[in-house]
Amino acid sequence: MSDDANKLRLGLVGCSWFALRCHIPALLAPPLSRLVSLTAVCSRTKKSMAKAEARAGLSLKRHAEMRAMFADPEVDAVLLVLPIPLMGAAIEAALRAGKHVISEKPAAHSVEEAARLCEVLRELPEPAPAWYVLENWAHKPAVRWLRERLNEGAIGHRVLRAHCSHHEHVPPAKPDRGRGGSGADPGASADWRASGVVEGGWLVDVGVHWARALRVLLGEPSTCSGS
């Protein structure tokens with residue numbers, strides 16, 4: 001039996017610059033390459049799927065439509081790298097098709113849609129597929145190092161207050177070059193983050209990392225507020 005027979009067979013949905021630059025290299029490098037086999041790709045155009053194949057250096061099964069990918073018995077899980085307004089419907093369709101789902105953040109374009117997707121997941125019959133949203137600061141070496149120092153009591157036995165300050169330069173808006181767009185330069189546009197279409201904009205894309213770090217370091221909050 002080959003090593004690939006024991007790996008999770010993954011289908012990539014969306015071939016944006018972000019998928020090519022970040023996701024595919026990560027999937028092909030250890031330790032993920034020992035656990036996951038990239039087997040299929042889905043995008044609107046043959047050109048973008050060809051780019052994904054070239055980046056991966058693999059011959060991949062191609063699907064022009066997501067529903068075909070979700071129905072593919074040779075795909076165990078899907079990685080969704082799509083424009084945020086399209087993400088919710090894709091997550092729901094994949095889960096209902098029985099595929100495990102890994103999706104880019106934010107989880108949905110609104111709080112209401114995110115809550116509805118959680119309900120969909122709870123309503124699925126057992127064994128239900130898993131859904132994981134890609135927020136990676138819980139695994140960031142610096143955050144893990146800080147957690148270890150807190151466990152040691154390096155600054156005392158109880159943290160009473162934490163403050164984060166993040167400053168982001170937002171370039172002028174240009175045609176959509178977001179995670180699901182076709183642009184090659186991620187820094188050239190504020191795209192969906194400044195469009196007003198997605199609730200929270202830059203906060204849900206960048207600020208979520210700091211929120212996650214605080215949860216890892218200090219535990220889950222009992223109350224939250226925003227302004």
Side-chain angles (χ1 to χ4, degrees), residues 10-24 26-27 42-43 66 70 77-96 99-124 128-140 143 164-171 173-183 186-218 220-221 223-227:
L10 186 71
L12 173 64
V13 181
C15 299
S16 65
W17 71 267
F18 193 74
L20 271 60
R21 180 181 176 184
C22 299
H23 286 287
I24 290 178
L27 290 169
C42 176
S43 188
M66 283 189 287
F70 300 157
V78 291
L79 170 58
L80 305 180
V81 190
L82 296 167
I84 301 307
L86 304 180
M87 191 70 82
I91 292 170
E92 181 173 356
L95 289 173
R96 292 192 183 280
K99 303 300 184 189
H100 300 299
V101 175
I102 308 166
S103 64
E104 262 296 348
K105 61 176 177 59
H109 70 80
S110 69
V111 173
E112 290 77 15
E113 183 176 56
R116 186 181 63 80
L117 289 171
C118 289
E119 284 298 321
V120 168
L121 190 60
R122 284 191 285 265
E123 291 170 359
L124 293 175
W131 172 30
Y132 188 85
V133 180
L134 287 171
E135 195 299 305
N136 56 7
W137 274 31
H139 311 289
K140 191 178 178 71
V143 175
C164 294
S165 180
H166 181 91
H167 301 275
E168 188 80 38
H169 170 66
V170 182
K174 293 183 179 181
D176 181 21
R177 295 171 184 261
R179 290 196 179 93
S182 58
S189 170
D191 51 77
W192 61 269
R193 301 165 188 83
S195 67
V197 174
V198 180
E199 293 180 8
W202 283 87
L203 179 61
V204 297
D205 186 50
V206 179
V208 66
H209 288 308
W210 293 104
R212 179 62 164 160
L214 289 173
R215 290 168 60 201
V216 170
L217 297 174
L218 306 178
E220 294 298 328
T223 60
C224 295
S225 65
S227 62

From [X] atom [atom1] to [Y] atom [atom2], the distance as rounded to the nearest 0.5 Å:
X	Y	atom1	atom2	answer
Met87	Leu82	CE	CG	5.0 Å
Met66	Ser43	CE	OG	10.5 Å
Ser103	Leu134	OG	CG	6.5 Å
Glu135	Arg212	CD	CZ	6.0 Å
His23	Leu10	NE2	CG	10.5 Å
Leu79	Lys99	CG	NZ	14.5 Å

Check your understanding: Does CH2 in Trp210 sit with more than 12 non-hydrogen atoms of other residues, nucleotides or ligands closer than 6.0 Å?
Key ->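 No, CH2 of Trp210 has 12 or fewer neighbouring heavy atoms, counting only those of other groups under 6.0 Å.
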Check [X] against [Y] and note the closest heavy-atom contact, atom names and distance.
X	Y	answer
Glu104	Phe18	OE2-CE2, 2.9 Å
Val143	Ala213	CG2-CB, 4.1 Å
Leu95	Ala130	CD2-O, 4.1 Å
Leu121	Ala128	O-CB, 4.4 Å
Ala114	Ala108	N-CB, 3.6 Å

4.5 Å side-chain heavy-atom contact, [X] and [Y]:
X	Y	result
Leu117	Trp131	yes
Val208	Pro106	no
Val101	Pro129	no
Phe70	Val78	yes
Ile91	Leu80	yes
Val120	Arg116	yes
Leu12	Ile24	yes

Check your understanding: Can you name the residues that form a ring-ring contact (aromatic ring centres under 6.0 Å, His included) with His100, not counting sequence neighbours?
Key -> none
Practice item. Would you check, one step at a time, whether the test side-chain contact (heavy atoms from CB on, under 4.5 Å) holds for His209 with Lys140? Key: CA-CA 10 Å; His209 288 308; Lys140 191 178 178 71; over 6 Å; no
Check your understanding: Where the side chain of Glu113 meets the backbone of His109, is there a donor-acceptor pair that is under 3.5 Å apart?
Key -> yes
